[in-house]
Amino acid sequence: MGDPVADNYDELPLWSAPFGQLILEHVPLRRGQTIVDLGAGTGFLTVELAQRSAAARVIAVDPWAEAMDVLRRKVEYLGLANVELVVADASSLDLADSSVDVVVSNLGVNNFDNAAAVLTECHRVLRPGGHLLLSTNLVGHMAEFYDAFRSASDGKALDDHIAHRASVDGTLRLLEQASFTASVVARTEFGMRFADGTALLNHYFIKLGFLDGWLAIAGQEALDAVEQELNRRGEVSLTVPAACFDALKG
């Protein structure tokens with residue numbers, strides 16, 4: 001049996017595609033490049049880059065072996081001879097120094113166990129003049145939900161949870177500490193609409209990506225109270241701010 005999350009993970013690009021689109025709008029597309037996709041998951045960005053860039057190599061890296069199996073099936077079905085799959089942690093890449101033209105990571109910076117180590121490794125493997133493109137959601141995402149959540153939760157725990165999201169200044173600082181020259185190449189926001197709080201809290205992606213963290217902050221009783229408050233208000237519309245960073249190795 002496969003991993004049921006990996007097997008059904010292609011429901012998630014509805015969430016991750018707006019961020020990936022920012023990368024696709026700004027990534028250098030030149031024939032013959034070597035591109036590394038960190039945190040590739042089941043590989044929707046890997047597949048797009050392999051087809052759009054005419055790269056010699058697109059190397060998908062993720063420690064999630066079951067997701068790599070899903071991507072492997074896609075690669076074989078599409079006949080993509082320029083894609084390589086590596087099951088590994090992004091903080092230790094089996095690639096030579098200065099051997100890569102472009103590194104991308106869609107929504108990875110919030111999820112790396114040690115973001116500073118990953119960025120240092122990216123700098124090592126990139127050639128001089130190479131680009132690292134990161135996309136991320138930002139502090140302030142889903143503020144409409146967290147405003148309702150605040151009255152039912154411990155304020156400090158909630159503030160700490162919110163603060164772990166990337167900020168523009170914090171991400172630029174991380175990139176500069178890894179010896180990159182970094183800039184923000186795109187900022188945008190998109191919305192997620194739900195009929196009410198119950199629809200929000202029962203959505204597959206919300207349960208997979210957010211619910212455990214919310215329960216850890218305040219528990220089921222508090223979350224039930226938030227659900228009732230959101231149901232009282234009617235439609236729930238959440239705002240998700242996003243940014244794409246381009247970091248250049250000098």
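Because only heavy atoms are used, hydrogens play no part in the values below, and waters and symmetry mates are left out as well, while side chains stay in. FYI, the numbering just counts along the sequence from 1.
Atom CD in Q21 sits 8.5 Å away from atom CD in E48 (nearest 0.5 Å). The CG atom of D101 sits 7.0 Å away from atom CZ of R30, with the distance rounded to the nearest 0.5 Å. Between R124 atom CZ and D97 atom CG the span is 5.0 Å, to the nearest 0.5 Å. For the atom pair OG (S179) and CG (L119), the distance works out to 10.5 Å, reported to the nearest 0.5 Å. Interatomic distance, CD1 of I162 versus CZ of R150, reported as 5.0 Å (0.5 Å rounding). If you take CG on D69 and CG on L85, they are separated by 9.0 Å, rounding to the nearest 0.5 Å.
By the ring-ring contact (aromatic ring centres under 6.0 Å, His included) test, H131 is found to be paired with no residue, residues two or more places apart in sequence or in another chain being considered. For F145, the ring-ring contact (aromatic ring centres under 6.0 Å, His included) partners at least two apart in sequence or on another chain are F149, W214. Contacts of R165 classified as side-chain contact (heavy atoms from CB on, under 4.5 Å), with partners at least two apart in sequence or in another chain: N110, N137, V139, H141, F210. Considering only residues two or more places apart in sequence or on other chains, N111 meets the side-chain contact (heavy atoms from CB on, under 4.5 Å) condition with none of them. With sequence neighbours excluded, the residues forming a side-chain contact (heavy atoms from CB on, under 4.5 Å) with V185 are H26, S183, C244, D246, listed by chain and number. Under the ring-ring contact (aromatic ring centres under 6.0 Å, His included) criterion, F245 pairs with no residue, sequence neighbours left out.
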- Verify salt bridge (Lys or Arg N to Asp or Glu O under 4.0 Å) between E76 and R72, making sure each step is shown before the conclusion. CA-CA 6 Å; E76 291 173 356; R72 185 173 291 106; 5.2 Å; no
- Task: Before giving the answer on side chain to side chain contact (heavy atoms under 4.5 Å, CB included), spell out for Q228 and R232 the whole-Å C-alpha distance, their side-chain angles and the decisive distance to 0.1 Å.
- Result: CA-CA 6 Å; Q228 292 170 17; R232 184 188 66 78; over 6 Å; no
- Starting from the C-alpha separation in whole Å, work towards a yes-or-no answer on side chain to side chain contact (heavy atoms under 4.5 Å, CB included) for V118 and D113. CA-CA 9 Å; V118 172; D113 291 336; over 6 Å; no
- Given side chain to side chain contact (heavy atoms under 4.5 Å, CB included), test V58 with E84 step by step and report yes or no. CA-CA 6 Å; V58 178; E84 302 172 22; over 6 Å; no
- Item | Residues L71, F44; criterion side chain to side chain contact (heavy atoms under 4.5 Å, CB included); working and verdict | CA-CA 8 Å; L71 176 53; F44 94 93; over 6 Å; no
- Starting from the C-alpha separation in whole Å, work towards a yes-or-no answer on salt bridge (Lys or Arg N to Asp or Glu O under 4.0 Å) for D160 and K156. CA-CA 6 Å; D160 290 346; K156 184 180 186 308; 2.8 Å; yes
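Under the 3.5 Å distance criterion, with hydrogens and angles disregarded, a donor-acceptor pair is assigned to the side chains of S91 and D89. In the model, N106 has no side-chain atom that pairs as donor or acceptor with a side-chain atom of S16 under 3.5 Å. A donor-acceptor pair shorter than 3.5 Å can be found between the side chains of D224 and Q220. For the 3.5 Å distance criterion, the side chains of Q33 and S53 fail to qualify, holding no donor opposite an acceptor.
Between F19 and V240, some side-chain heavy-atom pair lies under the 4.5 Å cut-off. Residues I35 and V100 are not in side-chain contact: their nearest non-hydrogen atoms beyond the backbone lie 4.5 Å or more apart. Counting only heavy atoms from C-beta outward, the side chains of E176 and F180 never approach each other to under 4.5 Å. Side-chain contact between E144 and V236 is absent, with no heavy atoms from C-beta onward closer than 4.5 Å. Residues K74 and T42 have side chains in contact (heavy-atom distance under 4.5 Å, counting atoms from C-beta outward). The shortest side-chain heavy-atom distance between V36 and V125 does not fall under the 4.5 Å cut-off.
Under a hydrophobic clustering in which Ile, Leu, Val, Met, Phe, Trp and Tyr are joined whenever their side-chain heavy atoms come within less than 4.5 Å, directly or via other members, L107 and V168 fall into different clusters. I59 and V102 sit in two unconnected hydrophobic clusters of ILVMFWY residues. Membership requires side-chain heavy atoms under 4.5 Å apart, directly or through other members. L248 and L133 fall into different hydrophobic clusters, defined by Ile, Leu, Val, Met, Phe, Trp and Tyr side-chain heavy atoms under 4.5 Å apart, directly or through other members. Placement of L22 and L49 in two distinct hydrophobic clusters is found when ILVMFWY residues are connected by side-chain heavy-atom separations under 4.5 Å, directly or transitively. The same ILVMFWY cluster, assembled from side-chain heavy atoms under 4.5 Å apart, contains both L200 and I217.
Counting non-hydrogen atoms of neighbouring residues, nucleotides and ligands closer than 6.0 angstrom, the CG atom of D94 reaches no more than 12 such neighbours. The neighbour count for R173 CZ, taken as heavy atoms of other residues, nucleotides or ligands under 6.0 Å away, does not exceed 12. Within a 6.0 Å sphere centred on CZ of R187, other residues, nucleotides and ligands contribute 12 heavy atoms or fewer. With a 6.0 Å radius and a threshold of 12 heavy atoms from other residues, nucleotides or ligands, D147 has its CG atom above the threshold.
In this structure, the side chain of S99 does not engage the main chain of L95 through any donor-acceptor pair within 3.5 Å. Side chain of D37 to main chain of T46: a donor-acceptor pair is present (N/O by atom type, distance under 3.5 Å, no hydrogens or angles). Looking only at distances, no side-chain donor or acceptor of K249 sits under 3.5 Å from a matching main-chain atom of R127. Of the possible donor and acceptor atoms, one in the side chain of S105 sits under 3.5 Å from a partner among the backbone N and O of L38. Between the side chain of E235 and the backbone N or O of D196, no donor-acceptor pair lies under 3.5 Å. Using a distance-only test at 3.5 Å, with no hydrogens or angles considered, no donor-acceptor pair links the side chain of R31 to the main chain of A56. Side-chain atoms of N82 come within 3.5 Å of backbone N or O of A55 as a donor-acceptor pair. Using modelled atom types, one side-chain atom of N231 and one backbone atom of T198 make a donor-acceptor pair closer than 3.5 Å. For E121 (side chain) and A90 (main-chain N/O), no donor-acceptor pair under 3.5 Å exists by modelled atom type.
In this structure, A166 and V109 approach most closely via the heavy-atom pair CB-CG1, 4.3 Å.
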